[in-house]
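What follows is one structure encoded as structure tokens, with my remarks underneath.
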Amino acid sequence: MNTINLIQQAYQDFQNGNTRQAEQVLNNILQSQPANVDALHILGVIHAASGERPQAIDLFQKALVQDPNNVSLHYKLARVQFESGEFTAALQAYERIIVLGYVKPEILLAKTAALVNLQRHLEALACLEQALARWPDYADGWAHKGAICYQLRHYDQALLCLDQALALQPAMADGWYKKSLVLDKLERYAEALACADRAVSLAPQSAAYRLDRAVILHKLERYDEALSDHEQGLALAPANAEAWGDHGLTLSRMKRHEQALASYGRALSLQSGYADVLSNQSLSQLVLGQFDAGWQSYEYRWKKGNADTPRHTELPLWLGQQDIAGKRILLWSEQGLGDTIQFCRYATLVAALGAEVVLEVDPTLKTIAQTLGGFQVIAIGESVPPVDYQTPLMSLPLVFKTDLASIPAGPAYLHADRDKREHWRSRQDFANGKMKIGLVCSGNPGNTNDHRRSMPLQDFAPLLQSDAADFFLIQKDVRESDLAFLQQNPKLRLPAADIDGFDDTAAIIANLDLVISVDTSIAHLSGALGVPVWILLPWVPDWRWLLDREDSPWYPSVRLLRQDAAGNWHGLIQRVAEELNDFLSVSLKIS
């Protein structure tokens with residue numbers, strides 16, 4: 001049998017699964033004919049198919065020395081180099097194919113992929129536009145252009161490209177999938193779900209399609225369906241750490257925190273130090289009262305994907321390791337106003353260690369924070385005096401190893417200004433002898449959880465039926481959607497026009513008998529002042545309120561009233577109305 005026949009037989013053996021026999025024949029040929037292009041070529045194909053990429057690259061390159069214009073060899077070399085992560089080399093191979101005159105859409109697309117992996121997105125777009133100008137009906141080209149626009153965050157342009165691709169090839173599962181990702185970024189979740197549905201129907205065994213559809217369902221708060229997709233996707237891709245993290249997050253939204261922790265554990269077993277998972281894990285640990293582990297995981301809030309940017313990182317961080325007696329330390333606020341109010345209490349514990357405390361807070365909290373104790377209080381943006389250390393406020397429970405039994409929760413740690421309190425007491429609105437009830441229906445609309453924790457003002461209507469009390473809307477900002485109800489209900493008074501800062505709000509609260517509030521900074525302020533406050537909580541509460549209890553270890557004057565089903569404010573308000581009537585009846589008897 002001559003050499004050509006031997007090579008053909010070896011290739012046939014390879015195709016029939018007799019790889020070892022094929023390799024042996026080809027290696028025997030190359031021992032006597034080391035420059036045999038066909039033997040080098042076929043042996044390179046065999047090594048590439050076996051995942052032995054370095055050997056394949058070496059063989060293809062040796063073959064090209066003998067036959068430098070062989071397009072097929074250049075293409076196979078480029079493929080293996082690309083799969084090996086050698087994107088610059090792959091790009092050069094694709095460009096050589098184009099120079100040799102083999103200009104086909106699939107070659108330009110492959111060149112584009114190499115450019116994208118080299119982060120040369122604008123050149124990749126130019127390459128695709130060259131292909132689409134010549135082959136305008138090339139659906140894959142439009143889809144890949146859409147994908148690059150997506151990576152560049154040009155979402156509207158990406159959508160146009162993907163629509164063009166799908167018009168040309170409606171059964172392109174990956175096109176529908178990519179379109180769902182773009183619509184997700186545009187927060188058009190219902191449309192994104194419809195596209196994800198098409199992708200899954202066309203490729204039901206794709207783990208990525210199911211897992212990303214689960215994420216969209218999660219954002220639509222369709223948690224049961226999201227959980228089903230998570231689980232079907234994970235059955236197909238059980239080693240996907242991100243998917244296990246998403247699975248845990250959906251379980252946490254269903255108030256199944258123990259199961260969420262198990263999923264987070266699976267994610268961390270696959271990818272230790274996964275900051276997003278550790279941060280989410282901390283919230284489930286804390287809401288379950290697992291404070292020891294929870295505070296440690298909570299430190300990953302600075303490393304997660306959408307983390308806030310910490311301030312004062314040029315200063316040494318203190319987390320309890322060093323003796324700070326005689327030192328000056330900056331304690332600085334983070335996250336929301338309510339978080340600052342809740343955790344500024346730790347300044348007293350830090351001072352008790354012998355440190356001089358400088359407390360930095362939002363400008364609206366500066367005056368009320370000065371009532372905390374003998375600390376220097378500065379507003380964010382003001383110059384910071386020389387200090388030895390800095391600590392973000394919400395790391396202090398970790399420093400002090402806070403557990404449920406050791407939360408520093410005195411009756412009151414902030415105080416209303418006496419003169420302002422008397423000023424509000426003397427006003428006509430507050431001068432009669434009725435019980436005075438403060439109401440808060442909404443908080444900062446920029447809070448990512450706002451749509452769960454806030455409610456329309458009109459939902460408070462059942463509370464206003466009693467003639468035994470005067471009612472005051474004590475939030476400074478009233479949403480436009482609530483103004484009509486406020487104007488039609490003179491029984492609900494609005495002193496907010498005169499409120500300057502939280503010291504004014506504190507003075508108003510100090511004149512009230514009860515505050516009824518959704519989970520906002522005013523609820524925290526009322527608790528910090530020691531004024532009775534009923535906090536209305538969504539079915540899945542923020543971690544600080546724990547689960548299934550009516551009291552709060554953080555604030556002795558707080559009573560927690562919880563939804564019995566997700567979104568059911570109506571049922572909760574009916575219960576609150578009954579409780580309020582009982583509260584007012586008892587108060588009248590006592591008076």
Side-chain angles (χ1 to χ4, degrees), residues 336-338 364 416 420-421 423-447 449-527 529 531-538 559 561 563 567-581 583-584:
L337 299 173
T364 61
K420 287 195 173 187
R421 179 175 179 173
H423 163 73
W424 283 100
R425 188 195 300 274
S426 66
R427 286 176 55 132
Q428 183 178 357
D429 285 349
F430 287 82
N432 64 48
K434 288 186 178 182
M435 298 288 289
K436 297 169 181 60
I437 312 296
L439 302 178
V440 181
C441 72
S442 59
N444 175 13
N447 186 294
N449 199 42
D450 182 67
H451 69 287
R452 296 187 195 92
R453 67 171 187 167
S454 294
M455 68 171 76
L457 181 57
Q458 65 182 16
D459 286 2
F460 275 139
L463 307 186
L464 305 177
Q465 303 307 309
S466 174
D467 292 324
D470 287 330
F471 295 90
F472 302 86
L473 187 64
I474 55 174
Q475 58 193 71
K476 183 174 182 180
D477 298 316
V478 181
R479 299 184 183 184
E480 196 156 331
S481 57
D482 293 328
L483 285 175
F485 178 83
L486 186 62
Q487 292 162 358
Q488 295 165 13
N489 288 270
K491 192 170 185 178
L492 179 57
R493 304 171 190 184
L494 181 66
D498 297 316
I499 294 176
D500 185 30
F502 271 83
D503 50 328
D504 279 309
T505 305
I508 293 172
I509 291 171
N511 282 289
L512 300 174
D513 298 291
L514 174 67
V515 174
I516 302 174
S517 174
V518 294
D519 182 7
T520 71
S521 57
I522 295 178
H524 285 276
L525 180 60
S526 303
L529 293 166
V531 172
V533 52
W534 295 356
I535 303 179
L536 313 184
L537 296 178
R559 183 180 177 196
L561 296 105
Q563 288 180 349
N568 185 15
W569 287 121
H570 176 75
L572 179 56
I573 287 294
Q574 291 300 321
R575 178 187 164 199
V576 172
E578 294 170 7
E579 299 274 358
L580 181 59
N581 285 334
F583 174 83
L584 294 173

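This is a predicted model, so every value here is computed, not measured.
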Is [X] reaching over with its side chain to a backbone N or O of [Y], donor-acceptor style, under 3.5 angstrom?
X: K420; Y: D503; result: no
X: D513; Y: K436; result: yes
X: R479; Y: S442; result: no
X: Q475; Y: C441; result: yes
X: N568; Y: G571; result: yes
X: N511; Y: W424; result: no

For the student: nearest non-hydrogen atoms of [X] and [Y], plus distance:
X: S521; Y: F502; value: OG-CZ, 3.5 Å
X: F471; Y: S466; value: CE1-O, 3.9 Å
X: I522; Y: I474; value: CD1-O, 3.5 Å
X: V531; Y: L512; value: CG1-O, 4.1 Å
X: A469; Y: K491; value: O-CE, 4.4 Å
X: A416; Y: A506; value: CB-O, 3.6 Å

Atom [atom1] in [X], atom [atom2] in [Y]: separation rounded to 0.5 Å?
X: L439; Y: L457; atom1: CG; atom2: CG; value: 8.0 Å
X: L561; Y: E579; atom1: CG; atom2: CD; value: 6.5 Å
X: I437; Y: L463; atom1: CD1; atom2: CG; value: 9.5 Å
X: L473; Y: F460; atom1: CG; atom2: CZ; value: 8.5 Å
X: L514; Y: S526; atom1: CG; atom2: OG; value: 9.0 Å
X: I508; Y: R425; atom1: CD1; atom2: CZ; value: 13.5 Å

(request) For the pair D467 and K434, find out whether any cationic side-chain nitrogen is under 4.0 Å from an anionic carboxylate oxygen. (result) no
(request) Dump the intermediate steps for side chain to side chain contact (heavy atoms under 4.5 Å, CB included) on L536 and W569, then the final yes or no. (result) CA-CA 9 Å; L536 313 184; W569 287 121; 3.9 Å; yes
